[in-house]
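Worksheet: the structure to be examined is printed underneath.
For clarity, every value in this text was computed on a predicted model and none was experimentally measured. Letters A, B, ... mirror the listed sequences (proteins, then strands); counts begin at 1.
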Amino acid sequence: MLNLFVYNTLTRQKEKFEPLHPPFTGMYLCGPTVYGDAHLGHARPAITFDIVYRYLTYMGMKVRYVRNITDVGHLTGDSDDGEDKLQKKAKADRLEPMEIAQRYTDSYHFDMDALNVLRPSIEPRATGHIPEQIEMIEKILANGFAYIINGSVYFDTLKYNEVFGYGELSGRNLEEIVSGYRENLEGQDEKRHPADFALWKKADESHLMKWSSPWSTGFPGWHIECSAMSTKYLGEKYDIHGGGLDLIFPHHEAEIAQSNACNHAPGFDHYGEAKYWLHCNMITLEGQKMAKSLGNGINLKELYTGKHPLLEQAYSPMTIRFYILQAHYRSTIDFSNVSLQSAEKALKRITDALKRLREIKGENRLVALNEDMEKNLKTFREDAESFMNDDFNTAKTIARFFEVVPVINQLYADRSGPLAVSAETLMQFSKEFETFFFDILGLKTEEDSAGGESDGMVQGLMNVITSIRSDARKDKNFKVSDFIRDELIKMNIKLKDTPQGTEWIKE
RNA sequence: GGCGAGAUGGCCGAGAGGCUAGGCAUCGGUCUGCAAAACCGCGUACACCGGUUCGAAUCCGGUUCUCGCCUCCA
């Protein structure tokens, strides 16, 4: 039974999540514009809504998750010079725009796979849905909410505002929006009103990506693709629309307006296409907004390898995922070396406990019950679910993991004596722990993600070296044993002498 | 200028009227040839000034500061 509450940007409060057609759930997330490698800012919404997807699935919903690829670049500047991001990049590198789009789509998939972000059910491309976008624009025109000038089509915000009221999602009204435009109005002469936005733009000769339409050879406007694709795959009304906070205005506001203007009779519904609008907050870097102009934009591959002047070391994708999940998705989150290093150690504390849990979970010894420990394990799932039910509070869920870690460690330390919890509880808890760790939070252990880092030969060599060293230590020949350890450390191989033998890790 | 979010112990970061989240670091301990690692233990903090209340970090008013959006942005 679903008992989930989500914060709806539209109403500015938490609401009980009730799918329109349970158990089916439709969810749309604004995906990346593929003109560059994914950066930290792309990781947050992908992970946030990956959690939503995973948790709803865990709760028995049949989720259709649509996340688009924008392969028509939105216009770059504030002027109407017809340049878009993809085209700019393509001209610079003498490539087809589609080559750029393909390259960075692949790159995006690689980075997201590393973060263990599940692929969506459908990943539609904007360029693959030009007819749908044209059709939608035609409907908006037919309903009288758009006008044609010189082969371009603009959304009539004033008219829309009279009928539906523009600005509900972002909490603005038209006068405020206009007052925010200041003097930057040059190049907008075609529009009747400064808040109007393009649905279709006529292309000039130099434009590489263009399609024919009833109005001109041109290309679709910034916002229409999401409305068209969400309508096609999820219907005129679906459950969840997600994105970053910065998309609320103007992108999502425009989407709502387009959908209302296209699909609904005046006054029918002013909430646009989705019932719940969810937005995750932004990521800052060392306290500052990430921006190319500030020179602090870090892409994910740089994080994974540590190759960036601001980074003191490489950070694994799981460290990044874990760090993001340690904060609530509606809070801003600041990335810094110390924070990431802290998260790396914290995650290791859990994965170490997970390894121990796997060793002891099947135990079926004499039981000397410890009530507190038993209760702690038994209520884990119930607690974790209640945290997740409260607007996906992964931070609290993770904190609950840390309440259970000392119990696992104690059970592990005492494994020569009687078991302090019942065997059934231990087995059941072990399953629930793994479900929340792997399936719901989507975390992995570093071994799972390392993937063939060290081949068989390296493993064999290391076994030889560590056994030589073990023998030397037994003979108290510390000169030899310390020499081996010191030389290996120079190659970033760290030795740890545990009671079970010597372990090694490459750093 | 308009709209919005926020200020929590050394750092990060939950919570949201009474039930001292959690992580990292520090410190102490166990273990160890030494080291590293691991494990155990340890912190009553909520920007400032008023008010409401038996009781406020949590509610109300004000002050200061920070950040985001208003133009493409995840």
Side-chain angles (χ1 to χ4, degrees), chain A residues 9 12 29-33 35 38-49 73-79 84-85 167 170-173 175-182 184 188 195 222 242-251 253 279-284 287-293 297 322-323 326-328 330-336 338-350 352-353 356 387 390 393-403 405-406 408-410 412-413 473-474 476-478 481-482 485-486 489 494-500 502-505:
Chain A
T9 306
R12 316 245 159 196
L29 175 67
C30 293
T33 304
Y35 67 104
H39 55 74
L40 261 177
H42 292 100
R44 171 97 111 147
I47 289 172
T48 298
F49 292 93
H74 297 158
L75 293 173
T76 46
D78 38 18
S79 61
D84 76 34
K85 290 167 183 168
S170 57
R172 293 155 206 254
N173 59 50
E175 295 85 73
E176 284 167 0
I177 292 166
V178 173
S179 75
Y181 278 113
R182 286 172 277 207
N184 269 346
Q188 309 219 355
W222 315 339
L245 219 51
D246 55 334
L247 292 181
I248 292 175
F249 190 90
H251 185 59
E253 199 70 78
H279 293 94
C280 60
N281 216 313
M282 313 298 279
I283 284 176
T284 56
Q288 271 196 305
K289 185 197 163 160
M290 278 202 320
K292 280 187 177 142
S293 57
F322 184 79
Y323 183 59
Q326 257 191 315
H328 188 262
R330 283 190 286 114
S331 302
T332 53
I333 189 168
D334 186 53
F335 266 66
S336 65
V338 280
S339 301
L340 250 14
Q341 284 155 12
S342 159
E344 188 175 54
K345 287 176 190 161
L347 175 59
K348 186 169 185 300
R349 187 164 152 80
I350 296 177
D352 282 352
R356 294 183 190 118
F387 300 144
D390 184 14
N393 197 327
T394 53
K396 276 198 110 175
T397 304
I398 286 174
R400 189 65 178 82
F401 273 87
F402 286 111
E403 282 170 18
V405 164
I408 295 170
N409 288 338
Q410 199 178 326
Y412 183 81
R473 290 179 67 219
K474 249 178 241 160
K476 301 214 181 291
N477 189 347
F478 300 123
S481 66
D482 287 352
R485 188 173 64 195
D486 293 345
I489 206 82
K494 206 183 256 179
L495 295 185
K496 290 186 281 185
D497 297 323
T498 72
Q500 286 79 38
T502 300
E503 295 172 6
W504 64 276
I505 52 166

Is it the case that the base of B/G6 and the side chain of A/Asn281 share a donor-acceptor contact (distance under 3.5 Å, atom types as modelled)?
no
Using the P atom as the reference point in each nucleotide, state the distance between B/A47 and B/G33 in Å, no decimals.
50 Å
Does A/Arg172 count as lying over the ring of A/Phe249, i.e. NZ or CZ under 6.0 Å from the six-ring centre, within 45 degrees of the axis?
yes
With heavy atoms under 4.0 Å as the rule, sort A/Asp482 into base, sugar-phosphate or nothing.
base
B/A57 to B/C34 separation - C1' atoms, rounded to the nearest Å
47 Å
A/Phe478 ring over B/G33 six-membered base ring, under 5.5 Å and 30°:
yes
Tell me if a side-chain donor or acceptor on A/Asn393 pairs with a main-chain N or O of A/Lys396 at a distance below 3.5 Å.
yes
Can you check salt bridge (Lys or Arg N to Asp or Glu O under 4.0 Å) on A/Asp352 and A/Arg349, steps first, answer last?
CA-CA 5 Å; A/Asp352 282 352; A/Arg349 187 164 152 80; over 6 Å; no
For B/A38, the Watson-Crick or wobble counterpart (both distances under 3.5 Å)
B/U30
A/Ala395 has a side chain; which of B/A14, B/C12, B/C24 sits nearest to it?
B/A14
Check: A/Ser170 main-chain N/O paired with A/Glu253 side-chain donor or acceptor under 3.5 Å:
yes
What is the distance, to the nearest angstrom, from the CZ atom on A/Phe335 to the C1' atom on B/G13?
13 Å
Touch class at under 4.0 angstrom, heavy-atom based, for A/Ala327 against every strand present
sugar-phosphate
Rounded interatomic separation in angstrom, taking CG from A/Asp334 and P from B/C24
19 Å
For the P atoms, the ones on B/C11 and on B/G2, what distance do you get once it is rounded to whole angstrom?
33 Å
Under 4.0 Å, counting only non-hydrogen atoms across every strand here, what does A/Glu403 touch: a base, just sugar-phosphate, or nothing?
sugar-phosphate
When rounded to whole Å, the CG to P distance for the pair A/Leu247 and B/C69 reads 11 Å
Using a 4.0 Å heavy-atom cut-off, does A/Ile283 contact any base of the nucleic acid, only the sugar-phosphate backbone, or nothing at all?
base
Quick one, A/Thr394 with A/His328, criterion side-chain contact (heavy atoms from CB on, under 4.5 Å). Give me CA distance, side-chain angles, the key distance, then yes/no.
CA-CA 6 Å; A/Thr394 53; A/His328 188 262; 5.9 Å; no
Answer whether the closest heavy-atom distance between the side chains of A/Asn281 and A/Arg44 falls below 4.5 Å.
yes
Separation of atom NZ in A/Lys348 from atom P in B/C24, rounded to whole Å
11 Å
Identify whether any heavy atom of A/Gly244 sits under 4.0 Å from a base atom; if not, whether one sits that close to sugar-phosphate; answer base, sugar-phosphate or nothing.
sugar-phosphate
Paired nucleotide for B/A16 [Watson-Crick or G-U wobble; both distances under 3.5 Å]
none
Per A/Pro406 side chain, nearest of listed nucleotides B/A14, B/A74, B/C40:
B/C40
Roughly how many Å apart are B/U44 and B/A21, using the C1' atom of each and rounding to a whole number?
13 Å
What's the closest nucleotide to the side chain of A/Arg473 if the choices are B/G23, B/G33, B/C12?
B/G33
A/Gly243 versus A/Leu29, closest heavy-atom pair with distance:
N-CD1, 3.6 Å
Nearest-Å distance once atom C1' is located in both B/G61 and B/C12:
32 Å
Check every strand shown and say whether A/Ser170 touches a base, only sugar-phosphate, or nothing at a heavy-atom separation below 4.0 Å.
sugar-phosphate
Integer-rounded Å distance: B/C12 P and A/Phe322 CZ:
17 Å
Tell me: CG of A/Asp352 to P of B/C24, nearest whole Å?
11 Å
So, does A/Arg349 get its side chain near the phosphate of B/G22, meaning an N or O under 4.0 Å from OP1 or OP2?
no
Would you indicate what A/Tyr323 reaches in the nucleic acid, counting non-hydrogen atoms under 4.0 angstrom: base, sugar-phosphate, or nothing?
sugar-phosphate
When rounded to the nearest 0.5 Å, the distance separating OG of A/Ser339 from CD of A/Glu344 is 12.5 Å
With respect to the phosphate group of B/G15, does any side-chain polar atom (N or O) of A/Asn393 fall under 4.0 Å of OP1 or OP2?
yes
Counting the atoms with a prime plus P, OP1 and OP2 as sugar-phosphate, which does A/Lys345 contact under 4.0 Å by heavy atoms, base, sugar-phosphate, or nothing?
sugar-phosphate
Please work out if A/Ala399 contacts a base, only the sugar-phosphate, or nothing of the nucleic acid, heavy-atom cut-off 4.0 Å.
base
Distance-only donor-acceptor test, A/Arg485 side-chain atoms vs B/A36 base atoms, 3.5 Å
no
Between B/G6 (P) and A/Arg330 (CZ): distance, integer Å
9 Å
Quick check on B/A14: is either OP1 or OP2 less than 4.0 Å from any side-chain nitrogen or oxygen of A/Ser331?
yes
Taking the minimum atom-to-atom distance to the side chain of A/Phe402, which one of B/G68, B/G13, B/G23 wins?
B/G23
Atom P, compared across B/G13 and B/C3: separation rounded to whole Å
28 Å
Could you state the interatomic distance from CZ (A/Arg485) to CG (A/Leu495), rounded to the nearest 0.5 Å?
7.5 Å
Using the P atom in both, what is the distance from B/C48 to B/G9, to the nearest Å?
11 Å
What nucleotide among B/C39, B/G2, B/A74 has an atom nearest to a side-chain atom of A/Tyr35?
B/A74
Whole angstroms only, please: what is the CD1-P distance between A/Ile489 and B/A37?
10 Å
Can you tell me which nucleotide in B/G15, B/A74, B/C12 comes closest to the side chain of A/Lys396?
B/G15
Could you check A/Arg12 against A/Leu347 and say which one's nearest nucleotide on RNA chain B is further toward the 5' end?
A/Arg12
Of A/Asp390 and A/Ile333, the one whose nearest nucleotide on RNA chain B sits closer to the 5' end is A/Ile333
Taking pairing as Watson-Crick or G-U wobble with both contacts under 3.5 Å, can you name the mate of B/A7, or confirm there isn't one?
B/U64
So what does A/Thr284 hit on the nucleic acid, given a heavy-atom distance under 4.0 Å: a base, only sugar-phosphate, or nothing?
nothing
Pairwise P distance, B/U66 and B/G17 [rounded to whole Å]:
30 Å
Among the nucleotides B/G2, B/A14, B/A74, whichever has the atom closest to the side chain of A/Arg172 is B/G2
